[in-house]
Amino acid sequence: MENIRRQLDMFDHRLDNIDSIVTAVAERLMSQPITLNITCPHCGSNVEITIIGNYKPRK
């Protein structure tokens, strides 16, 4: 039983680390515009999509 508890604690710690990393990446992306250039596979025309985030600092 102790082994399972220890493994669950390690898993919880890893999930917290992943959450922190994803949050940091999302905050960084939201502070600057992102541009995607996509080529249509059917007609070959280029499509540019720009996403502008609204950065809100964490409390």
Side-chain angles (χ1 to χ4, degrees):
M1 190 66 151
E2 184 62 33
N3 189 27
I4 293 172
R5 183 174 294 135
R6 187 170 37 99
Q7 288 180 348
L8 286 174
D9 287 341
M10 287 183 349
F11 183 67
D12 185 48
H13 184 67
R14 287 179 185 161
L15 286 177
D16 286 342
N17 288 341
I18 291 170
D19 180 56
S20 298
I21 292 169
V22 169
T23 300
V25 169
E27 285 180 353
R28 189 162 226 200
L29 288 175
M30 293 304 290
S31 66
Q32 56 193 356
I34 300 168
T35 302
L36 302 172
N37 290 311
I38 302 170
T39 303
C40 178
H42 300 291
C43 66
S45 65
N46 290 326
V47 178
E48 183 176 296
I49 301 171
T50 303
I51 302 170
I52 300 173
N54 185 10
Y55 182 74
K56 293 183 180 181
R58 283 198 281 180
K59 294 179 180 179

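Computed from a predicted model, the values in this text were never measured in an experiment. This chain uses plain numbering: 1 for the first residue, then up along the sequence.
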Next on the checklist: Checking Glu2 against Arg5 for the side chain to side chain contact (heavy atoms under 4.5 Å, CB included) test, could you report, in this order, the C-alpha distance in whole Å, the side-chain angles of both residues, the deciding distance, and whether it holds?
Outcome noted: CA-CA 5 Å; Glu2 184 62 33; Arg5 183 174 294 135; 3.4 Å; yes
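- Considering Thr23, Leu15, Ile21 in turn, Thr23 is the only one that fulfils the side-chain contact (heavy atoms from CB on, under 4.5 Å) rule with Asp19.
- Side-chain contact annotation: Arg14 with Asn17, donor-acceptor N/O pair under 3.5 Å absent.
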Checklist entry - Does the side chain to side chain contact (heavy atoms under 4.5 Å, CB included) test come out yes or no for Asn46 and Asn37, once each step is laid out? => result CA-CA 7 Å; Asn46 290 326; Asn37 290 311; over 6 Å; no
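- Under the 4.5 Å side-chain criterion, counting only non-hydrogen atoms from C-beta, Ile49 is in contact with Ile38.
- When all heavy atoms of Cys43 and Ser45 are compared, the pair lying nearest together is SG-OG, 3.1 Å.
- Put simply, the side chain of Leu36 does not reach to within 4.5 Å of the side chain of Glu48, judged on heavy atoms.
- The distance from atom CZ of Arg6 to atom CG of Asp9, rounded to the nearest 0.5 Å, is 9.5 Å.
- Remark: Gln7 CD to Asp12 CG distance equals 13.5 Å, nearest 0.5 Å.
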